[in-house]
Every structure is written in C-alpha cells, then in structure tokens.
There are 2 protein chains.
Amino acid sequence: MYSGQVPKTAPPQVRAALVERAAAMLARREPVTLRSVVAGTGASTMAVYTHFGGMPGLWRAVREEGFARLAARLAAVPPTDDPVRDVVALGAAYTENAFAHPDLYRAMFDEVAGLADRSAADGGFSALVAAADRARAAGRFAPDCDPEQLAVRVWASGHGLTTLVLTGVLPVEVLLAQWPRIAVALFVAVGDEPDRCARSVDAAWPPRLPTPP
Amino acid sequence: MYSGQVPKTAPPQVRAALVERAAAMLARREPVTLRSVVAGTGASTMAVYTHFGGMPGLWRAVREEGFARLAARLAAVPPTDDPVRDVVALGAAYTENAFAHPDLYRAMFDEVAGLADRSAADGGFSALVAAADRARAAGRFAPDCDPEQLAVRVWASGHGLTTLVLTGVLPVEVLLAQWPRIAVALFVAVGDEPDRCARSVDAAWPPRLPTPP
DNA sequence: CCAGAATACATAGCAGTGCTATACCTCGGT
DNA sequence: ACCGAGGTATAGCACTGCTATGTATTCTGG
C-alpha cells in the first residue's frame, strides 16, 4: 500500500533528517545501514537514492555535516588580544570536537576526496590561518612566517595525535601532554619568545574532554 | 567432491598465503572479500574461519603483517654517526613505506586496538626512540629530554601529515615541505643547535616517494 | 601398525547488505 | 481538466559475512 496520507511538510527536509539520523546513529555506535537509517524516518530506501544517489552519497553528506559542525565550533572560539593563545584555543576546540564525536571525526577523514562542499572544511582551517596571521601581525611570529604553512604544521601535528588516540594507539594523556610541547616548539621556531609562548599555550590548554565511559 | 589429491605441503602455509593474498589485493585496490580472497588460493571459505575466526581476524592478521613490514623497513635504516639525521631517516623510511602501500597503511591504523601482536608496532617505534636516545647521549639533545616523548611528537606529526596526504586533504608537496620544518622545530626545542640541526635534517630528507599514477 | 580423537575441509544455506526495475501516487503548468 | 515530470513504495537482484553439517585428513597412544 501507499501511505501518501502522511502530511508532507517540506521535500528538502528529508535530506537533513536522513543526514541527522545517520550522524546520530554513528554517534550511538549503531550500524549505519541503508535500511536502518530510513527505518526511523518513515521514508523508504529509495529516498537515499533520490536524495543522495546511494549510500556513498549519504556518507559524503554526513562528512560534510561533520565539517560544518567543526567549522561552527571553531568559529565560536572568541579572538582575544593574545593571538598565540587563540591558535592553541582553536586546537583545543578541535580536539574537543573530535572527542565529542569520535566516530563522526573518523568518518570525516576516511576519504575527503570527492567532497562536494569543501568550503566547510576550509572554513575551519582558515580560522587557524587567521589566528596565525594575527600573531605575525602582532610581532609574535617572524614577518617571513607564512601563516598558512604554520597552520598546516599545527593542524597536522594535532590531527596526528588525535587520530592515534582515537584509534587506541596512544592514551589520552599523551595527547594532553605532548601537543602543547609541539605547539611551543612550532611557535618558537617562527620567532615567538619561549617564556611568553609557554604562557600563551598554557592559557588555552588543556581542552575539556568528555570522560570516556 | 573433495580434492584431497592436491599435495598438501605444510598446513600453516595457508595462513601466510591468505594474509599475503589479502595484502596484495589491498595493494591492487581490489575489493578484499571473503570469497575473493580464498578464490586464488584454491582453499574454501572455511579456511578463513579455521585460521582467523572470520574476516575481522583476517584483517587483524593483515594489519600485523603491515606493522611487521614497517618494522623491518625501519630496522633496515643504518645508524650513522649523526643520530639526528637518523631520526629523520627513520621518518623518511616511514613515509616511504606508507606511500608504497597506502591502503595497507590506512588499514593498519583503522583500528589498532585488539591487535594480538603489538610487538611489531612497538618494534618500529622503539627504533625511533633509540635514535632519539643516541642523539641525547651525543649531546645534541638536552639531558632532560625524554627520548620516548620526543619520539611520540615526531611520530604523531609525521603520521598526521601522512594521513592527511593519503586521504587527499593535502597534496604531497605539503608533506615534503612541512615535515622537515616540524622536525627542526622539535629538535631545536629540546636543545639541538639550529644550523647543525637543519643540516642533519636535510641530509636525510626528502624521502623517495613513488610517482603517483 | 593400527584404532580413536582431534582437526581441517567442502558444500549448502542463512540473514543481511547496497542497489535497481517497475508500478504507483502526487503535484504544477497550460 | 488534462498530462507530463518527479518522488515514492514494493519486490527482487547479486553479493556480503557467517554457520551447520557431513566428510576427509592428520595426529596420538598402545
């Protein structure tokens, strides 16, 4: 039979509902499968194909949603008069987001290639670049320091530690203890004064991580 | 029917054959499925269950094989009279291995928890620790520098850049250009003299990466 | 040297997966 | 009021990992 009597609210709402449900199931560590995703929404399996072209398309949308949430979280970090502190604060917000939604974080970086909307991912990164550029403008970093390259170094080291912790290779304590040391080394290498740098880093670290059950 | 006429060579050889075939199919980017793996070996699907207890067990064995190959590759890096150079050489060998077997590398770090034989993974890491310790003993690093912690910082930053490149987020050039800068920053932060450090890093970088098709 | 036990094997079939073909309903424009 | 376009539901496809069952092979003890 056909249950067309259901009041159709808005057609594009199905898209968001499916993505949201998939992300929620991912967070609950439930298996995210075609039939299980559509089961809660009342929609049929075909909805995934009309809206996303298949399961890979749905995963792509979920990854984009994850990057959008990350970018929103990073955008909520308020700039202060200490731009070096702000860089570390962005790093802390980054790890907080990763540990708040670990499976979503892993899915995000499973395969970024072929992402339709890369602006969300770039948005988060550009916040880091902007903070580094402010530090350079404030005289904390050397004038010839490329903010974008420094941001890559900061991001890659934090991402590496985060993934190693999330996959169970390293305990969380290692991330908490080692990332500030990497950050100080990177900042001092581009001209920041060691003591002042350490104070700035300590002002925004450690992040508030959820206690693992 | 049962083809028992086939000359059975050695029973445990089946294990290695299945792992090797799975790794080879992974490298060829073919879908590694239960039936496709056993197809080439002439064995039946049950072999996977008697030897590995299922597909997850096979994947676990493949990951261990990957870590063993990595450890062997790192062990082949000859120590020189410049221990700082050796640390970078280990990093170069690490990235060379990752880019030579990208899918195996990704599978290795998909889920390290529950790895039966962690000695292989630790073996590669201890080589890095040993080189850092030699640098400390040679006076390049400060006496209070913990080689293990420094090794974690070096490894995590390299791992982060490597995974970001392998997943398509960053181009290879970023890895080649930024990792030595991270390494110099980390080494100088623990006491190495900047100019000498730069020379040591340049002596072992960049790695020889296979040209991507 | 040979019984008995333990192990590995091949086959068939199970539930579940992503996906597609087809018929159906709903809706917007002339 | 019609009719074409597009989203939807259903059924079925090939495939996945896995298990039950019966059989062959290998190891062990006397």
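Naming: A, B, ... by sequence-line order, numbering from 1 per chain.
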Practice task
Tell me, please, which residues at least two apart from B:R208 pass salt bridge (charged side-chain N to carboxylate O under 4.0 Å, His left out).
Solution key: none
Handout entry: A:R73: salt bridge (charged side-chain N to carboxylate O under 4.0 Å, His left out) partners, not counting sequence neighbours
Key = A:E96
Exercise for the section: Take atom CE of A:M46 and atom C1' of C:dA21, then tell me their distance rounded to the nearest Å. Expected result: 9 Å
Problem - Distance, rounded to the nearest Å, where B:F52 contributes CZ and D:dT19 contributes C1' - result: 19 Å
Practice task
Report the residues that fulfil salt bridge (charged side-chain N to carboxylate O under 4.0 Å, His left out) with B:R69, sequence neighbours left out, ordered by chain and then residue number.
Solution key: B:E65
Handout entry: Pairs involving residues 25-39 of chain A, ordered by first then second residue, that meet side chain to side chain donor-acceptor pair (under 3.5 Å) (sequence neighbours left out)
Key = A:R28-A:E30, A:R29-A:D103
Exercise for the section: Identify, with sequence neighbours excluded, every residue that meets salt bridge (charged side-chain N to carboxylate O under 4.0 Å, His left out) alongside A:R106. Expected result: none
Problem - Pair B:F67 and B:Y105, ring centroids less than 6.0 Å apart - result: no
Exercise for the section: Compare side-chain N and O positions of A:T50 against OP1 and OP2 of D:dT8 and report whether any pair is under 4.0 Å apart. Expected result: yes
Practice task
Take atom NE2 of B:H51 and atom C1' of C:dT7, then tell me their distance rounded to the nearest Å.
Solution key: 10 Å
Quick one: which protein N/O atoms are closer than 3.5 Å to N/O atoms of nucleotides 13-17 of chain D? Pair and distance per line, please.
{"residue": "D:dT16", "atom": "OP1", "partner": "B:T33", "partner atom": "OG1", "Å": "3.4"}
{"residue": "D:dT16", "atom": "O5'", "partner": "B:T33", "partner atom": "OG1", "Å": "3.4"}
{"residue": "D:dT16", "atom": "O3'", "partner": "B:T33", "partner atom": "OG1", "Å": "3.1"}
{"residue": "D:dG17", "atom": "OP1", "partner": "B:T33", "partner atom": "OG1", "Å": "3.2"}
{"residue": "D:dG17", "atom": "OP1", "partner": "B:L34", "partner atom": "N", "Å": "2.9"}
{"residue": "D:dG17", "atom": "OP2", "partner": "B:T33", "partner atom": "OG1", "Å": "2.4"}
{"residue": "D:dG17", "atom": "OP2", "partner": "B:L34", "partner atom": "N", "Å": "2.6"}
{"residue": "D:dG17", "atom": "N7", "partner": "B:R35", "partner atom": "NH1", "Å": "2.9"}
{"residue": "D:dG17", "atom": "O6", "partner": "B:R35", "partner atom": "NH2", "Å": "3.1"}

